[in-house]
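Report on the following structure.
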Amino acid sequence: MTAGEPAIVFRDADKWFGKLHVLRDINLAIAAGDVVVVCGPSGSGKSTLIRCVNGLERVQAGDVVVLGDSITKRGVNLPALRTRVGMVFQSFNLFPHMTALQNIMLAPMKVRKLARAEAEKTARALLERVGLREKADAYPANLSGGQQQRVAIARALAMQPKIMLFDEPTSALDPEMINEVLDVMTALAREGMTMMCVTHEMGFARRVAHRVVFMDEGQVVEEGTPQDFFAAPKSDRGKQFLSKILTH
Amino acid sequence: MNYTFKWSVLWTGESGRWLLQGLLTTLELSALAWVLAVALGILAGALRTVRFTPLRWAATSYVEFFRNVPLLVWMFFWYFGVPPLLPRGIQDWLFNHGAEFWAGMLALGVYHGARISEVIRSGIQSIPRTQFEASVAMGLTTFQSYRLIILPVALRLIVPPATNESLNLLKNSSVALTISVAELTFQTRQIETYTARAIEALTAGTLIYLVLCLSIATIMAKVERRYAIPGLIARVGPAA
Ligand SMILES: Nc1ncnc2c1ncn2[C@@H]1O[C@H](COP(=O)(O)OP(=O)(O)OP(=O)(O)O)[C@@H](O)[C@H]1O
Ligand SMILES: [Mg+2]
């Protein structure tokens, strides 16, 4: 990737699940250091969109270029690309047979081939950073949802990614745990991480996002600054969507 | 009833030695077949869950072919069917080196491998797909993801049905007597023939199978507790 080139580019991208057209002619460019919040009604294609960034889904037409590499090319090295793109899921997905520390050390040791001692040092520092130093030896089942999600973020950061993808990271959490996760994400954004977050946390979007992308029925209906979008969405569908989520 | 038991037939003459040899052969046959079955079971069970169709198809063919033909037929197949297809020299060598044992071992291992693979496949499929996605999203390859995450978790979940299948394998090793492997059942029949004491000989065989199976079940229960996933141990009893 050369300087000035966006970190993520969608170019005329389309995707179908069978007959269902889930992404329609997506054009999107996300600059390095940008924090972009993706929102829209359920089923609008938000998850599919960010899963196309690390190749968990493939677009069938058009192109997706991540950190300078097209991921639609034949023979693309997906594992290598994925070490530079971290992902956090709604359902945490910690590995249940490993402690928090082991979860974080796994990829650095198995993919980066770091020595155990070095991987452990980094992992402990990351746990400290997400406020869970004392939970290093806890198993996922013995952590609260918020704690599990913070470990999951630390695990993704352990590979020192250039981009972080979040797919509704707080939707499965009890209200009192949402903020502890959002705080970690906010700190990450302030440090200049390139972030693509699917979330309905409008407070987070207002405070942290540089841009909001609003999707409906597989299309990017509008994009703009959070201030503009939340104050006065340009599209009718955007207005409808906001009226629904803001009244709850 | 005017039958007088004569238990001493079990330890006079050759009986004791025969029983011991039968026990050792059964253990050896079952242990080797078990290793083969578990290896094939893991391989086929895992391949049946991958995206790449030719591999999935190959594993499915193996499973459906081997588990849907009776074990006895497989014993005959490996013992009477396969050797004539081999070069003369290898045939001779085989029949001088316990061909019936190796045929029995292959039949047991390949047949139970197909059955164990179904157990392992169901274990893998009970793990949410997002676990796999989370592991490849960190840069692990599919192979690494199976080796480090999917299989270690699946194997922990399937200890109870795998125990059941292992006991079946041990008990089915007795079918090898039909191709004259001198395993435990074969030896109890021999004692019966020599002493005309069927009930005593069968009782001895029965008790030995019972003790073997109970020991295996106990060991597997310990393994299950030892490797239980924290938080998923609710169904397992307290540590012994
Ligand atoms: N693997 C799949 N196979 C078939 N259809 C799928 C698959 N994944 C998603 N879909 C469908 O594609 C559409 C877009 O799904 P997607 O998960 O991207 O929506 P979303 O905006 O993330 O919704 P939500 O807010 O509910 O998470 C939906 O209609 C969904 O049912
Ligand atoms: Mg979604």
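Convention: sequence-line order gives letters A, B, ...; per-chain numbering from 1.
Counting non-hydrogen atoms of neighbouring residues, nucleotides and ligands closer than 6.0 angstrom, the NZ atom of A:Lys162 reaches no more than 12 such neighbours. When the shell of 6.0 Å around CD of B:Gln125 is examined, it contains more than 12 heavy atoms from other residues, nucleotides or ligands. A 6.0 Å sphere centred on CZ of B:Arg56 holds more than 12 heavy atoms belonging to other residues, nucleotides or ligands. The 12-atom threshold is not exceeded at CH2 of B:Trp57, counting heavy atoms of other residues, nucleotides or ligands nearer than 6.0 Å. Heavy-atom contacts from other residues, nucleotides or ligands closer than 6.0 Å to OH of B:Tyr227 number 12 or fewer.
A heavy-atom distance below 4.5 Å is found between the side chains of B:Leu140 and A:Leu106. Annotation: side chain of B:Met138 is not in contact with side chain of A:Lys110 (no heavy-atom distance under 4.5 Å). In this structure, A:Leu78 and B:Val136 have side chains that are not in contact, with every pair of non-hydrogen atoms separated by 4.5 Å or more.
Expressed to the nearest 0.5 Å, how far CG of A:Asn93 lies from CZ of B:Phe132 amounts to 12.5 Å. Interatomic distance, OG of B:Ser135 versus CZ of A:Arg82, reported as 9.5 Å (0.5 Å rounding).
Residues B:Gly139 and A:Thr83 approach most closely at CA-CG2, 4.1 Å, considering heavy atoms. The shortest non-hydrogen separation linking B:Leu148 to A:His97 is O-NE2, 3.1 Å. The minimum heavy-atom distance linking A:Pro96 with B:Ile229 is given by the pair O-CG2, 3.4 Å. Of all non-hydrogen atoms in B:Ile149 and A:Met98, the two that sit nearest each other are CD1-CE, 4.0 Å. Smallest separation of non-hydrogen atoms from B:Ala137 and A:Asn54: CB-ND2, 3.8 Å. Shown here for A:Lys113 and B:Gln144, the closest heavy-atom pair between the two residues is NZ-NE2, 4.2 Å.
For residues 130-150 of chain A, the interface with chain B (any heavy-atom pair closer than 4.5 Å) comprises A:Tyr139, A:Ala141, A:Asn142, sorted by residue number.
Looking at A:Leu94, the atoms closer than 4.5 Å to chain B (heavy atoms on both sides) all sit in the backbone: N, CA, C or O. For A:Val88, no part lies under 4.5 angstrom from a heavy atom of chain B. In this structure, no portion of A:Arg112 lies under 4.5 Å from any heavy atom of chain B.
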